[in-house]
Amino acid sequence: AASLPGATSTEQAADGEQVVEEIKRIVCSECGFMRLQGSTVHSLPVEKRCRFEEQDLAIRTCLRFFVDGLPWAKRVKWQQPLFWAVRAILEAQGARSYVRRGYLYATAGASDTWVLLDFARARH
């Protein structure tokens, strides 16, 4: 899996936090049309980490945004178009991102640390 060459786990964690904050800043400032209601950051379960590592990706963190007005039902119908729209915005702001197998991944700057992005309906 890709990581910072020669970096300690503490340095990798700090790099991951910087990537999360930069991606969060871009989405919050450029995606106001989505009526964002907050976000959470959590570590991916070990079983998901292994699956992503098999694809040669260093992804250990999920950044989930909560959006007011997203429908509860038929997530498959709105998720992919939303991912592609957010990807275009991230790329326009200089972040690297891609959509693969139904997931949106992003990183910022020269980092090799990638973050899984997700969007869910905001709870009231």
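Residue indices begin at 1 and follow the sequence shown.
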Rounded to the nearest 0.5 Å, how far does [atom2] of [Y] lie from [atom1] of [X]?
X      : Y      : atom1 : atom2 : result
Gln93  : Glu91  : CD    : CD    : 11.0 Å
Asp68  : Arg123 : CG    : CZ    : 13.5 Å
Ile89  : Glu30  : CD1   : CD    : 7.0 Å
Ile26  : Cys31  : CD1   : SG    : 9.5 Å
Leu116 : Arg64  : CG    : CZ    : 8.0 Å
Lys24  : Ser29  : NZ    : OG    : 12.5 Å

Looking at every heavy atom in both [X] and [Y], which two are closest together, and how far apart are they?
X      : Y      : answer
Arg96  : Ala110 : NH2-C, 3.8 Å
Val20  : Leu63  : O-CD2, 4.0 Å
Arg121 : Pro71  : NH1-CA, 4.0 Å
Gln80  : Gly102 : NE2-CA, 3.3 Å
Gly69  : Arg35  : CA-NH2, 3.7 Å

Would you please say whether a donor-acceptor pair under 3.5 Å links the side chains of Gln18 and Ser111? no
Taking the inter-plane angle between the rings of Phe65 and Phe119 on a 0 to 90° scale, is it parallel (under 30°), tilted (30 to 60°) or perpendicular (over 60°)? parallel
If two hydrophobic side chains count as joined below 4.5 Å and joins carry through other members, does [X] share a cluster with [Y]?
X      : Y     : result
Tyr103 : Ile59 : yes
Trp72  : Val67 : no
Phe66  : Leu36 : no
Phe33  : Val86 : yes

Looking at Thr107 and Thr113, would you say the former's side chain and the latter's main chain have a donor-acceptor pair under 3.5 Å? yes
For the rings on Trp114 and Tyr98, is their centre-to-centre separation under 6.0 Å? yes
Quick one: does Leu104's side chain get under 4.5 Å of Arg87's, heavy atoms only? yes
Report yes if some heavy atom in the side chain of Tyr105 is under 4.5 Å from a heavy atom in the side chain of Val115; otherwise report no. no
Start with the C-alpha gap between Leu90 and Leu117, add the side-chain angles, then the distance that decides, and say whether side-chain contact (heavy atoms from CB on, under 4.5 Å) holds. CA-CA 11 Å; Leu90 289 167; Leu117 275 70; 4.2 Å; yes
Answer yes or no: is there an ion pair linking Arg75 with Asp118, defined by an N-O contact shorter than 4.0 Å? yes
